[in-house]
Amino acid sequence: MTIPLRLTLNGQPREIALDDPRVTLLDLLRERLGLTGAKKGCDRGQCGACTVLVDGRRINACLTLAASLDGAEILTIEGLAEGDRLHPVQAAFIAHDGFQCGFCTPGQIMSAVGLIREGQAGTDPERIREGMSGNLCRCGAYAGILEAVQDAAGRATEQREDAA
Amino acid sequence: MRRFDYIRPASVPEAVAAGQHPGTAYLAAGTNLVDLMKGGVATPERVVDITRLPGLSAIERLPDGTTRVGALVRNSDLAHDPAFAKDYPMVAEALLAGASAQLRNAATVGGNLMQRTRCPYFTDAVSPCNKRAPGSGCAALGHATRIHAVQGWSAHCIATHPSDFCVPLAAFDAVVEIAGPDGDRAVPLTDFHRLPGDHPERETDLRPGELITALRLPPEAADFRAHARYLKVRDRTSYAFAVVSAAAALTLEGGRIGRARLALGGLALKPWRVAEAEAALAGQAPSPEAYAKAADAALAGAEPTGAANAFKIELARRVAVRALTQAAAGTPARIPALPASPFGIV
């Protein structure tokens with residue numbers, strides 16, 4: 001018995017026939033849809049490397065059963081840039097050296113995009129650190145990550161103010 | 001992960017009908033359940049996906065002042081709901097002190113109540129554990145028990161309940177609304193979680209097929225909004241379970257304490273609330289002596305399970321006193337950057 005799923009994945013409608021209810025969103029993305037940006041670090045919701053946005057909210061893809069997401073809108077790191085134009089958070093991670101080996105980076109960036117959308121942290125370093133605590137970086141690039149998120153959050157605020 | 005049948009009901013009655021099958025687990029966000037299934041700790045034969053059930057996602061204010069929170073409201077949505085956070089800042093702070101932003105965005109109110117203990121002998125899936133494999137014994141007793149219970153434990157189980165959210169809920173007399181095969185009922189949160197006794201495998205008051213549909217906070221809970229704090233001591237400042245926590249709420253009238261609420265987390269298999277501790281505060285001038293008496297009452301009868309967790313009793317006393325001190329000083333205008341942290345600027 002397959003489970004029919006309709007998803008909007010990085011802006012594209014997708015119809016998926018899921019053959020096993022045990023498949024997590026992370027495994028669906030990586031193993032079945034070829035989107036390997038979201039990483040499998042701990043696979044237990046502890047490291048944040050699998051962070052993606054579901055209906056605009058950052059979550060751990062490794063702890064979410066894909067079957068439960070019928071109708072959801074999913075944004076992964078692959079859907080963030082517009083063609084060759086990087087998303088401001090991606091650009092900020094490069095500008096501020098927000099990574100070293102890069103393994104946790106897709107999760108860090110998606111988490112930062114989610115954090116900025118949530119609108120609770122602003123550019124306050126303590127609130128950003130707390131809001132990003134679900135993303136571990138074994139290289140310890142936290143100083144650069146914090147600067148990148150502050151920078152991108154500041155630009156997002158300016159943009160909102162310009163638009164108002 | 002063991003194979004299971006996946007069922008996606010369209011209504012609460014359909015869910016309850018499907019949930020009566022033995023070996024069924026209800027799936028909300030799955031942040032705890034899916035993790036336990038991956039580890040072989042939870043092995044349901046049937047998973048009933050309630051994530052899309054209608055009518056369980058509202059935060060409502062009833063005419064009598066009761067706040068009713070649907071079981072599928074996400075932890076972060078509840079914590080950031082302006083009206084909720086204004087009236088119940090201690091509950092919002094406890095929610096934000098738990099887990100990570102990703103987990104709070106997914107985890108539901110009902111799921112928070114249903115989360116399982118983080119006792120490592122339970123979660124390792126192999127040690128003797130009377131919760132996971134009734135009758136197999138308790139591997140924690142006599143071993144590494146630094147995080148284990150000092151109140152309400154038995155020779156069969158010394159685990160603690162990990163929730164932050166449930167601690168202020170217990171202090172505020174929250175009520176759990178339940179739908180089931182025999183109709184709807186409501187249970188006080190303080191009776192919802194069971195102490196281990198001889199049957200640690202019976203963790204909650206839920207009967208087969210029953211489903212949490214909502215949580216109610218009575219009108220009185222909002223009376224404490226100006227003097228209510230949650231304080232959490234943990235092994236790292238963020239994204240860690242409580243070693244010990246306290247929810248403390250006061251009403252102050254003419255320089256004296258009117259009513260007091262105090263519940264402690266990390267001590268037992270349920271939030272620990274002692275009527276004598278609250279009675280000791282009523283009518284008193286807010287003072288370190290009054291707080292210490294209340295803390296002593298809350299810790300009455302506490303027993304460590306071994307040398308490793310004896311520190312928790314004194315730590316809990318101090319956390320209770322600090323939380324009461326912070327509550328008396330007044331709820332901050334905004335939840336601190338480090339919610340519930342003893343290291344944050346209050």
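These numbers were taken from a predicted model, which means no experiment stands behind them. Here is how names work: the chains are called A, B, and so on, in the same order as the sequence lines, proteins then strands, and each is numbered from 1.
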Examine whether an atom of [X] lies under 4.5 Å from a heavy atom of chain A, and if so say whether it belongs to the side chain, the backbone or both; otherwise answer neither.
| X | result |
| --- | --- |
| B/D49 | side chain |
| B/R2 | backbone |
| B/L33 | neither |
| B/L103 | both |

Task: Point-to-point distance, once rounded to the nearest 0.5 Å, from CG of A/L63 to OG1 of B/T31 - done: 6.5 Å
Task: residues 4-18 of chain B: residues contacting chain A (heavy atom under 4.5 Å, by number) - done: B/F4, B/Y6, B/R8
Task: Residue-level contacts of residues 80-101 of chain B with chain A, using a heavy-atom cutoff under 4.5 Å - done: B/H80, B/L96, B/S100, B/A101
Task: Validation row: A/R22, B/V47 side chains within 4.5 angstrom (heavy atoms) - done: no
TODO: Compare all side-chain heavy atoms of A/L65 with those of B/V34 and state whether any distance is below 4.5 angstrom.
DONE: yes
Open item on the list: Let's go through B/R334 and A/R127 carefully: what are the C-alpha distance in whole Å and the side-chain angles of both, what is the deciding distance for side chain to side chain contact (heavy atoms under 4.5 Å, CB included) to 0.1 Å, and is it a yes or a no?
Closed with: CA-CA 12 Å; B/R334 188 180 178 198; A/R127 287 184 191 272; 3.2 Å; yes
Open item on the list: Has A/R58 got a side-chain atom pairing as donor or acceptor with B/Q102's backbone, closer than 3.5 angstrom?
Closed with: no
- [ ] Examine distances only and state if a side-chain atom of B/K38 and a backbone atom of A/D43 form a donor-acceptor pair shorter than 3.5 Å.
- [x] yes
- [ ] Please determine, among A/E130, A/R129, A/E118, the option with the most heavy-atom pairs under 4.5 Å with chain B.
- [x] A/E130
Open item on the list: Among residues at least two apart in sequence or on other chains, which ones pass side chain to side chain contact (heavy atoms under 4.5 Å, CB included) with A/T36?
Closed with: A/R30
Task: chain A contacts, top residue of B/I50, B/D77, B/N32 (heavy-atom pairs, under 4.5 Å) - done: B/D77
- [ ] Quick one: which of B/S238, B/G39, B/G30 has the most heavy-atom pairs under 4.5 Å with chain A, could you say?
- [x] B/S238
- [ ] Check whether more than 12 heavy atoms from other residues, nucleotides or ligands sit under 6.0 Å from atom CZ of A/R6, and answer yes or no.
- [x] no
Open item on the list: Between A/S68 and chain B, with a heavy-atom cut-off of 4.5 Å, which part of the residue counts as in contact: side chain, backbone, both or neither?
Closed with: both
TODO: With a 4.5 angstrom heavy-atom cut-off, could you sort out which part of A/L115 is near chain B: side chain, backbone, both or neither?
DONE: neither
TODO: Any pair with a residue in residues 138-150 of chain A that passes side chain to side chain donor-acceptor pair (under 3.5 Å), sequence neighbours left out, goes on the list, sorted by first then second residue, please.
DONE: A/H96-A/E147
Open item on the list: With a 4.0 Å cut-off on N to O distance, would you call A/D70 and B/R52 a salt bridge?
Closed with: no
